Amino acid sequence: ADTNLEVTDPDEILDDDSGRVALRGRRERIRVNPSFLWRASESSSVSLAATWADVQFDDDVGPFLTDYTDSRVYLSYRRAWSPRFTSSVTGTYRNYQTDQGLNEIKGSGLSVGIESRVSESSRFRLSIGYENTEVEGLSESLEPVANLSYVRTQKTTTLLAQYRRSISA
């Protein structure tokens, strides 16, 4: 997992780690996260973000973990209704492929969210939606996704409490 704990936006926390394995071995991970934000007006904005990750495991853990590439694209519209209340709509697309040629996984989703500034130092965010996941040649499923977070920022520390239900490949 990343050791960078300076998180100002709970959506910046990625969930692409593969868990624990009883063997030790090298993992090389390359990750690129470009994003673009366009402020359409004082109260609305459109953002486009992408995440591309390529993960390669050492041969010592090769039989247990599979090299993979995971690509995701996010398109979001945010509207500030007041200085304390914001809503958003986000569409996502995902493509997950393994180097062994196993089943390719594609997914797309739509979620809506609200954010409320409780005080100058605290904010609450909730988003709910659905993600459609298709495993090549096997199945397709529509699953609910959700993110509930609370962020409190002090002069020297930030507290993040978060619950996330997401679809893994």
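The model shown is predicted, which means the values in this text are computed figures rather than measured ones.
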With the side chain counted from C-beta on, respond yes when [X] and [Y] share a heavy-atom pair under 4.5 Å apart, and no when they do not.
X	Y	answer
Arg94	Lys106	no
Phe36	Ser47	no
Phe124	Ser149	no
Glu143	Thr133	no
Pro144	Ile128	no
Leu75	Val46	yes

Passing candidate, side chain to side chain donor-acceptor pair (under 3.5 Å) with Arg79, options Ser43, Ser44, Ser88: Ser43

Using every non-hydrogen atom in the two residues, find where Thr90 and Ser76 come nearest and quote the distance to one decimal. OG1-OG, 3.1 Å

Between Ser119 and Arg152, what is the shortest heavy-atom contact and its length? OG-NH1, 4.3 Å

same_hphob_cluster([X], [Y]) at 4.5 Å side-chain heavy-atom cutoff:
X	Y	value
Tyr77	Ile114	no
Tyr93	Val145	no
Tyr130	Leu110	no
Val118	Leu160	no
Val89	Trp81	yes

Step through the shown structure and confirm whether more than 12 heavy atoms of other residues, nucleotides or ligands are within 6.0 Å of CD on Gln154. yes

Determine whether more than 12 heavy atoms belonging to other residues, nucleotides or ligands lie under 6.0 Å from atom CZ of Arg39. no

Within the distance-only criterion (no hydrogens, no angle test), does the side chain of Thr92 pair as donor or acceptor with the backbone N or O of Gly109 below 3.5 angstrom? yes

Exam field: side chain Arg29 to backbone Ala53, donor-acceptor pair closer than 3.5 Å: no

Check whether the side chains of [X] and [Y] place a donor and an acceptor atom closer than 3.5 Å, and report yes or no.
X	Y	answer
Asn95	Ser71	no
Glu134	Asn132	no
Arg78	Thr86	no
Ser122	Arg117	no

Distance, nearest 0.5 Å, that separates [atom1] of [X] from [atom2] of [Y]:
X	Y	atom1	atom2	answer
Tyr163	Leu148	OH	CG	9.5 Å
Ser111	Leu126	OG	CG	10.0 Å
Gln56	Tyr68	CD	OH	10.5 Å
Phe85	Glu115	CZ	CD	10.0 Å
Asn147	Ser127	CG	OG	4.5 Å
Asp54	Gln97	CG	CD	10.5 Å

Output all residues satisfying salt bridge (charged side-chain N to carboxylate O under 4.0 Å, His left out) with Glu28, sequence neighbours left out; order by chain, then residue number. Arg26

Members besides Trp52 in its Ile/Leu/Val/Met/Phe/Trp/Tyr cluster (side-chain heavy atoms under 4.5 Å): Ile30, Val32

Please evaluate residues Leu48 and Val73 with respect to the criterion side chain to side chain contact (heavy atoms under 4.5 Å, CB included), reporting the C-alpha separation (whole Å), side-chain torsions for both, the decisive distance (0.1 Å), and the verdict. CA-CA 7 Å; Leu48 177 64; Val73 177; 4.0 Å; yes

